[in-house]
Colleague: 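Let me give you the structure first, and then I'll get to my questions.
Below, each value reflects all heavy atoms present in this structure, side chains not excepted, and no hydrogens, waters or symmetry copies. From a predicted model like this one, the values you see are computed outputs, not experimental measurements. A, B, ... follow the sequence lines: proteins, then strands. Residue 1 opens every chain.
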Amino acid sequence: MARTDVVTRFAPSPTGYLHIGGARTALFNWLFARHHGGRFLLRVEDTDRERSSQGAIDAIFDGLSWLGLQGDEEPVFQFARMDRHAEVAQMLLDSGNAYRCYTSPEELTAMREAQRAAGQPVRYDGRWRDRDPAEAPDGVPPVIRLRAPQTGETVIADAVQGDVTFANDQLDDLILLRADGTPTYMLSVVVDDHYMNVSHVIRGDDHLVNAARQSLIYQALGWDVPVFAHIPLIHGADGAKLSKRHGALGVDAYREMGYLPEAVLNYLARLGWSHGDEEIFSMAQAAEWFGLDAVGRGASRFDFARLENLNGHYLREADNDRLTVLVAERLDIAADDPAFARILGLMDGLKERAKTVVELADSAAFLTASRPLTMNAKAAKLIAGDAAQVLAGVRDALVALPTWDVATTEACVKGYAEAHELKLGKVAQPLRAALTGSNMSPGIFDVLVALGREESLARIGDCV
RNA sequence: GGUCCCUUCGUCUAACGGUUAGGACGCGAGAUUUUCAUUCUCGAAAUAGGGGUUCGAUUCCCCUAGGGACUACCA
């Protein structure tokens with residue numbers, strides 16, 4: 001039974017934040033596991049002690065949990081399994097599938113330069129492959145290399161890329177254990193994936209060649225090779241490698257820019273994968289549909305316009321209480337602040353007009369402003385001239401209202417406009433300016449109600 | 001340089017030998033409207049180029065061009 005269980009994993013190295021490409025890799029692994037009722041595991045590849053940091057680990061876990069992509073088990077830390085990796089290297093040594101290499105880094109550099117100069121492929125030449133260890137120079141700690149086959153070919157049956165064939169003479173004897181005894185990435189991934197029973201390795205395209213190398217290690221060990229699936233990388237809007245300038249930001253940056261996790265998830269799922277004409281769907285729905293065969297093979301470009309559109313959709317669908325909390329955080333308003341209730345009250349009208357939480361907060365800011373309002377240029381124009389008389393008249397009509405709701409204020413303002421033979425816009429626009437300090441806002445009667453009678457009348461009064 | 005991968009509207013993609021090459025974002029026009037949005041309708045917009053295979057190629061093969069990955073005692 002254990003043989004057929006689907007186990008996927010996301011294995012980031014904690015040398016930075018969780019960038020958008022990593023998030024998508026995690027998502028695809030998660031989706032695949034969910035689709036098959038399997039498990040999705042997390043493994044922190046922290047064997048590079050120099051570059052790994054706790055801050056990065058925290059950032060990655062934060063990003064994952066914001067997206068709701070938690071692992072199904074406690075995360076595994078690769079560094080803690082070093083002994084196991086070393087054991088396996090010893091096994092390989094014992095079985096003759098690995099050997100000690102005493103070439104110094106300087107010699108290696110010289111070798112590569114010579115190869116490059118001669119126009120030859122650059123790779124380890126196997127100089128210690130068959131040499132007697134008795135010839136080992138004194139005081140040089142050896143690395144352990146895999147004795148890889150030098151002829152034949154290695155084919156990776158990739159679930160996304162199809163069969164990819166590598167000639168074995170293109171793959172040199174990779175290092176398993178460094179001179180200081182620590183395992184390299186190649187060794188630890190294989191060992192950990194094996195012991196974690198990972199059935200499907202879904203990762204970035206940049207690992208395709210590694211798959212061939214790792215496959216050689218599996219073979220030397222006599223272990224089953226997992227199914228590989230190398231998904232194309234995400235490029236920037238200009239088609240070049242994703243850089244910070246165009247989207248290779250941490251997922252926390254997307255939260256900061258006001259995107260909702262469900263929008264980011266939907267966007268990412270649809271980038272490089274599709275299910276017919278489906279564009280907007282939940283992750284539960286995506287999990288039902290997801291399959292590696294529908295993952296595209298070409299790199300895709302990151303498109304902020306599309307993300308923004310999706311975000312607008314999810315914003316409109318989002319719960320008002322939730323959005324109000326998000327806006328209040330950005331506006332630095334406490335839950336017992338009167339402005340909090342105003343924002344919540346106007347949220348229906350507000351969220352319909354925003355693409356991001358940042359815009360939402362901006363558009364809600366007038367609800368928290370203190371009088372007298374500062375007008376933007378267009379609003380100032382709207383209340384100039386004879387608009388003051390109109391505002392004074394509307395205020396007088398409004399003051400007389402027995403109740404204060406959308407229906408009564410609307411009837412009142414429209415009645416005033418008709419009585420004075422004014423187009424509604426002639427009344428509503430100055431009113432909007434007086435109330436919000438802007439020429440754009442949600443429906444003016446909704447604004448009146450959200451602000452409340454007292455504040456509304458006071459704001460109008462400031463302009464007459 | 002070597003090895004490997006990729007190539008349908010501007011972008012994300014559908015069409016797994018036979019379609020007027022479909023959808024979505026964005027863009028343009030219009031409708032609705034108290035502003036801005038939302039919503040609705042309509043429109044422009046693509047098979048990188050060249051050879052084959054085939055009755056028939058977006059689809060299969062080859063070449064070219066362009067893009068990308070890898071080429072560490074990093075992961």
Colleague: For A:His230, report the nucleic acid contact type (base, sugar-phosphate, nothing); a contact means any heavy atom under 4.0 Å.
Modeller: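 Since no nucleic acid heavy atom lies under 4.0 Å of A:His230, the category is nothing.
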Colleague: Under the side-chain hydrogen bond (donor to acceptor under 3.5 Å, both in side chains) rule, collect the residues that match up with A:Asn439, sequence neighbours excluded.
Modeller: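 Testing A:Asn439 for side-chain hydrogen bond (donor to acceptor under 3.5 Å, both in side chains), a comparison that skips the adjacent residues, returns A:Asn376.
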Colleague: Identify the nucleotide, in any strand shown, that forms a Watson-Crick or G-U wobble pair with B:C70, with both distances under 3.5 Å; if there is none, say none.
Modeller: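 Because both required distances fall under 3.5 Å, B:C70 counts as paired with B:G2.
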Colleague: Return the value, rounded to whole Å, for the distance between atom CG of A:Asp192 and atom P of B:A75.
Modeller: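 About 12 Å, once rounded to whole Å.
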Colleague: If you compare every side-chain N and O of A:Lys378 against the phosphate oxygens of B:C36 (OP1, OP2), does one of them come in below 4.0 Å?
Modeller: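 No.
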Colleague: If we ignore angles and hydrogens, is there a donor and acceptor under 3.5 Å between the side chains of A:Asn311 and A:Thr356?
Modeller: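 Note: A:Asn311 and A:Thr356 side chains miss the donor-acceptor criterion.
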Colleague: Whole Å only: how far is the CZ atom of A:Arg213 from the P atom of B:C73?
Modeller: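 These atoms are roughly 10 Å apart.
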Colleague: So what does A:Ala305 hit on the nucleic acid, given a heavy-atom distance under 4.0 Å: a base, only sugar-phosphate, or nothing?
Modeller: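 Touches sugar-phosphate only.
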Colleague: Between A:Arg112 and B:C73, does any side-chain N or O lie under 4.0 Å from OP1 or OP2?
Modeller: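 So the side-chain polar atoms of A:Arg112 do come within 4.0 Å of the phosphate oxygens OP1 or OP2 of B:C73, strictly under.
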Colleague: Applying a 4.0 Å non-hydrogen cut-off, can you work out what A:Thr47 is touching in the nucleic acid: base, sugar-phosphate, or nothing?
Modeller: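 Answer is sugar-phosphate: A:Thr47 comes under 4.0 Å of backbone atoms only.
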Colleague: Parallel, tilted or perpendicular: which fits the ring planes of A:Phe304 and A:Tyr254, with parallel below 30° and perpendicular above 60°?
Modeller: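 Judged by the thresholds at 30° and 60°, the geometry between A:Phe304 and A:Tyr254 is parallel.
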Colleague: Does B:C9 have a Watson-Crick or wobble partner in any strand here, with both distances under 3.5 angstrom, and which is it?
Modeller: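 Its partner: none found.
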Colleague: So what does A:Ser441 hit on the nucleic acid, given a heavy-atom distance under 4.0 Å: a base, only sugar-phosphate, or nothing?
Modeller: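 Base, at least one base heavy atom under 4.0 Å.
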Colleague: Run the side-chain hydrogen bond (donor to acceptor under 3.5 Å, both in side chains) test against A:Arg453 and tell me which residues pass, sequence neighbours left out.
Modeller: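 If we apply the side-chain hydrogen bond (donor to acceptor under 3.5 Å, both in side chains) test to A:Arg453, skipping adjacent residues, there are no hits.
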Colleague: Give A:Asn439 one of three labels, base, sugar-phosphate or nothing, depending on what nucleic acid heavy atoms sit under 4.0 Å from its own.
Modeller: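 If one applies the 4.0 Å heavy-atom cut-off, A:Asn439 turns out to touch a base.
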Colleague: At under 4.0 Å, does any side-chain N or O of A:Ser274 touch on OP1 or OP2 of B:A14?
Modeller: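 Result: yes.
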Colleague: In whole angstrom, give the distance that lies between atom CD of A:Glu317 and atom P of B:U39.
Modeller: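 These atoms are roughly 11 Å apart.
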Colleague: With both distances under 3.5 angstrom, what nucleotide forms a Watson-Crick or G-U wobble pair with B:U20?
Modeller: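 Per the H-bond distance test, none.
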Colleague: May I ask you to say what A:Asn210 touches in the nucleic acid, namely base, sugar-phosphate or nothing, with a heavy-atom cut-off under 4.0 Å?
Modeller: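 Base contact - A:Asn210 has a heavy atom under 4.0 Å of at least one base atom.
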Colleague: When the distance from OH of A:Tyr124 to P of B:C70 is rounded to whole Å, what number comes out?
Modeller: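 Value for this atom pair: 24 Å.
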Colleague: Regarding A:Thr103, tell me which of base, sugar-phosphate or nothing describes its non-hydrogen contacts under 4.0 Å with the strands shown.
Modeller: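 Base, at least one base heavy atom under 4.0 Å.
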Colleague: Can you pull out every salt bridge (Lys or Arg N to Asp or Glu O under 4.0 Å) where at least one residue sits in residues 419-434 of chain A? Sequence neighbours excluded, please.
Modeller: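 For residues 419-434 of chain A, and leaving out neighbouring residues, there are no salt bridge (Lys or Arg N to Asp or Glu O under 4.0 Å) pairs at all.
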Colleague: Checking side-chain polar atoms at under 3.5 Å, does A:Gln170 have a donor or acceptor matched by the opposite partner on A:Arg123?
Modeller: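 A:Gln170 vs A:Arg123: donor-acceptor pair found between side chains.
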Colleague: Could you tell me whether A:Lys351 contacts a base, only the sugar-phosphate backbone, or nothing, with contacts defined as non-hydrogen atoms closer than 4.0 Å?
Modeller: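 Nothing, no heavy atom under 4.0 Å.
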Colleague: So if I define the base as every atom that isn't primed, P, OP1 or OP2, how would nucleotides 3-11 of chain B read as a B/S/- string at a heavy-atom cutoff under 4.0 Å?
Modeller: SSSS----S
Colleague: Over how many whole Å does the gap from A:Phe445 atom CZ to B:U33 atom P extend?
Modeller: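 So the CZ-P distance, A:Phe445 to B:U33, works out to 14 Å.
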Colleague: Check the distance between B:A72's P and A:Leu108's CG and give it to me in whole angstrom.
Modeller: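 From A:Leu108 CG to B:A72 P: 9 Å.
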Colleague: So what does A:Gly272 hit on the nucleic acid, given a heavy-atom distance under 4.0 Å: a base, only sugar-phosphate, or nothing?
Modeller: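 Counting heavy atoms under 4.0 Å across all strands, the contact made by A:Gly272 is with sugar-phosphate only.
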Colleague: Do A:Glu262 and A:Asn266 have a side chain donor and acceptor closer than 3.5 Å?
Modeller: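 No - no donor-acceptor pair under 3.5 Å links their side chains.
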Colleague: For A:Gln120 and for A:Thr184, locate the closest nucleotide of RNA chain B by heavy-atom distance; then report the residue assigned to the nucleotide nearer the 5' terminus.
Modeller: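 Residue closer to the 5' terminus by nearest nucleotide: A:Gln120.
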Colleague: Given B:U35, B:C73, B:U39, identify the nucleotide with an atom nearest to the side chain of A:Arg316.
Modeller: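 So the nucleotide nearest the side chain must be B:U39.
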Colleague: What is the separation between atom CG on A:Leu177 and atom C1' on B:C73, rounded to the nearest whole Å?
Modeller: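 That distance rounds to 10 Å.
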Colleague: What is the distance from CG of A:Asp125 to P of B:U71, rounded to the nearest Å?
Modeller: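 Rounded to whole Å, this separation is 18 Å.
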Colleague: Give me the distance, rounded to whole Å, that separates B:C25 from B:U59 when you measure between the C1' atoms they each carry.
Modeller: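 Those two atoms are separated by 26 Å.
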Colleague: Paired with B:A37: which nucleotide, if any, by Watson-Crick or G-U wobble criteria at under 3.5 Å for both distances?
Modeller: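 Check on B:A37: unpaired, no WC or wobble geometry under 3.5 Å.
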Colleague: Taking only residues two or more places apart in sequence, or in another chain, which ones meet A:Pro442 in a side-chain contact (heavy atoms from CB on, under 4.5 Å)?
Modeller: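 For A:Pro442 the side-chain contact (heavy atoms from CB on, under 4.5 Å) partners, ignoring immediate neighbours, are A:Leu346, A:Leu350, A:Arg353, A:Val447.
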Colleague: Once you apply a heavy-atom cut-off of 4.0 Å, does A:Pro12 come out as touching a base, just sugar-phosphate, or nothing?
Modeller: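 Result for A:Pro12 = nothing.
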Colleague: Return the set of residues passing side-chain contact (heavy atoms from CB on, under 4.5 Å) with A:His35 (not counting sequence neighbours), or none when no residue passes.
Modeller: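 In terms of side-chain contact (heavy atoms from CB on, under 4.5 Å), with neighbours along the sequence ignored, A:His35 is linked to no residue.
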